[in-house]
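Written out below as structure tokens is the structure these notes cover.
Note that this is a predicted model, so its numbers are computed, not measured. All residue numbers in this chain count up from 1 along the given sequence. Hydrogens, waters and symmetry mates are skipped; everything else that's a heavy atom, side chains included, is used.
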Amino acid sequence: MRSYRDLFRTPEFSPFFLAASAQTVAQTMGGLALGTLVYRATESPLLSAVSMFGSSLVQVLGATFLLSAADRLPPRAALTALPLLFAATTAALALPGLPVWGLFALVLAKGLAESVGGGVRWGLLNEILSKDGYLLGRSVFNMMSGLMQIAGYATGGALMALLSPRLSLLAAAALYVVAAVVVRLGLTRRPPRATGRPSVSATWRANALLWSSPPRRQVYLALWIPNGLVVGCESLYVSYAPDSAGTLFACVALGMLAGDVLVGRVLPQRLRRRLGFPLLLLLAAPYVPFLLHPALPLAAAAVTLASVGFGASLVQQERLVALTPDGLTGHALGLHSAGMLTMQGVAAALAGSVAQLTSPATAMTVMAVGSTGVTLLLMSAGRREEPRAVGVRRAAGDGIR
């Protein structure tokens, strides 16, 4: 599969894509509205950051106890039920007089359901497309995510300026319902990818198998930590520039779009494989000067450039799929998604705590330096692992001869 036209000619890809687009807009609008609502009520950078990304904090619980469901649930039924659940939760967040603890309880419940949804969604994408089309398809979804985030932040910002954050939350809930309807009408019924009932023991066994491989472990760490720490920087946009947070979020989405086009469509495979770690360094470096509190135009340019580095995840996901048995693809991709979102939630809480003690600008620089340091450590570990991997392949080859 070599072109975007081939993707959209693939049966079921278009409705799958449209449903995910509606859900991304809903999630973006809802997150911005919720973060703004909490910041206006509490004036706390920590609570604002956690309200936007707090649902990610419970992803680790889903990955630990529920993730076996990703390959054991009928995909269409799961992807119809989950947006309806998200719609109900988002509408409940708009209730006047809802206490802060009740708001966070709803956010965390939503995150627990999302931990399974990622595995179901990306496992189904791997079924709809052939293996050689997964990277191109995932790059299109990442590009869509960037464009829909731009649309979501722009629409959400306009709704909040003209109306209120609560009405923006209700609009997001309606979009979740639209996503559920598109899935139900546009996708065919499929059996689960794996047999047996979802269970905690099945989840633990699959997690242990996936984690037992050193190359897969390194890919997971590269997918989770540097990216998550930079999302901690993003979680502070509302407190860093309360009147311009939507602009900064839109610039992030624009940079992500550019990075996904570059990695998914422009770069040849031979060159793409070498750019995973350099792109992770690019992801963090432009945030380091935020300690100086640059003016909005410079800040917007910096976050746009940095977000090109999110293209590193495509390189790493391609490697993860290549390293994973077919029967565990949904689980492996769900573990990636859950771990990534958990780290984003942890990083948002950490960034908010540092900002509470210092300032949002200082916290953004601290998170960027941490991301850079982790990437350099992973690069060093990768160089040490490569000669051993080559030796194992050579020994295997000698044994065959």
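Looking at T365, its side chain does come within 3.5 Å of a backbone N or O of V288 through a donor-acceptor pair. Of the possible polar contacts, none joining the S371 side chain to the A368 backbone as a donor-acceptor pair under 3.5 Å is found. The closest donor-acceptor contact from the side chain of S239 to the backbone of L236 lies under 3.5 Å.
Separating the CE atom in M148 from the CG atom in L257 is a distance of 10.0 Å, to the nearest 0.5 Å. The CZ atom of F13 sits 9.5 Å away from atom CG of L18, with the distance rounded to the nearest 0.5 Å. Once rounded to the nearest 0.5 Å, the distance linking CG of L37 with CG of L169 reads 6.5 Å. One distance of note links CG of L298 with NE2 of H293; it measures 12.5 Å at 0.5 Å rounding. Separation of atoms CG (L283) and OG (S307) is listed at 7.0 Å; rounding is to 0.5 Å. Atom CG of residue L323 and atom CG of residue L210 lie 10.5 Å apart, to the nearest 0.5 angstrom.
Taking each heavy atom of P289 and P294 in turn, the nearest pair found is O-CD, 3.9 Å. Across all their heavy atoms, Q344 and G228 have their closest contact at CG-CA, 3.9 Å. Smallest separation of non-hydrogen atoms from A361 and F290: CB-O, 3.2 Å.
The side chain to side chain donor-acceptor pair (under 3.5 Å) analysis of residues 162-175, with sequence neighbours excluded, yields no pairs.
In this structure, F249 and T28 have side chains that are not in contact, with every pair of non-hydrogen atoms separated by 4.5 Å or more. Counting only heavy atoms from C-beta outward, the side chains of M364 and V230 never approach each other to under 4.5 Å. The shortest distance between side-chain heavy atoms of L221 and L378 falls below 4.5 Å. Considering only heavy atoms from C-beta on, L281 comes within 4.5 Å of L376 through its side chain. Under the 4.5 Å side-chain criterion, counting only non-hydrogen atoms from C-beta, T372 is not in contact with L280. The side-chain heavy atoms of L279 and V263, taken from C-beta on, include a pair separated by under 4.5 Å. L248 has its side chain within reach of L296: a pair of non-hydrogen atoms, C-beta onward, lies under 4.5 Å apart.
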Checklist entry - Should T304 and V252 be marked as a side-chain contact (heavy atoms from CB on, under 4.5 Å) after you check the CA-CA gap, both sets of side-chain angles, and the distance that decides it? => result CA-CA 5 Å; T304 303; V252 168; over 6 Å; no
Next on the checklist: Run Y240 and Y237 through ring pair (Phe, Tyr, Trp, His ring centres under 6.0 Å) and show every step you take.
Outcome noted: CA-CA 5 Å; Y240 177 81; Y237 288 172; 7.6 Å; no
Item to check | Full working for side-chain contact (heavy atoms from CB on, under 4.5 Å) between L124 and L187 | outcome: CA-CA 10 Å; L124 178 58; L187 299 184; 3.9 Å; yes
Item to check | Candidate pair N227 and M343, rule side-chain contact (heavy atoms from CB on, under 4.5 Å), full reasoning | outcome: CA-CA 8 Å; N227 159 314; M343 187 60 209; over 6 Å; no
Using atom types as modelled, flag every donor-acceptor pair under 3.5 Å from a side chain in residues 174-185 to any protein atom, sequence neighbours excluded.
from : atom 1 : to   : atom 2 : distance (Å)
Y176 : OH     : K110 : NZ     : 3.4

What pairs of donor and acceptor atoms, side-chain ones from residues 82-100 against any protein atom, are under 3.5 angstrom apart with sequence neighbours left out?
from : atom 1 : to  : atom 2 : distance (Å)
T89  : OG1    : L85 : O      : 3.0
T90  : OG1    : F86 : O      : 2.8

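Listed by chain and residue number, nothing satisfies the ring-ring contact (aromatic ring centres under 6.0 Å, His included) test with F310 (two or more places apart in sequence, or in another chain). Partners of L223 according to the side-chain contact (heavy atoms from CB on, under 4.5 Å) rule, which considers only residues two or more places apart in sequence or in another chain, are V219, S313, Q316, Q317, L320, H336. In this structure, the side-chain contact (heavy atoms from CB on, under 4.5 Å) partners of V308, at least two apart in sequence or on a different chain, are A258, L282. Not counting sequence neighbours, the partners of S213 by the side-chain contact (heavy atoms from CB on, under 4.5 Å) test are P215, R216. Legend: residues meeting side-chain hydrogen bond (donor to acceptor under 3.5 Å, both in side chains) with T188, ordered by chain and number and at least two apart, are E12. With sequence neighbours excluded, the residues that form a ring-ring contact (aromatic ring centres under 6.0 Å, His included) with Y220 are W224. Listed by chain and number, the residues in a side-chain hydrogen bond (donor to acceptor under 3.5 Å, both in side chains) with T362 are S359 (sequence neighbours excluded). Residues forming a side-chain contact (heavy atoms from CB on, under 4.5 Å) with A20 (at least two apart in sequence, or on another chain): F141, M144. Partners of R217 according to the salt bridge (Lys or Arg N to Asp or Glu O under 4.0 Å) rule, which considers only residues two or more places apart in sequence or in another chain, do not exist here.
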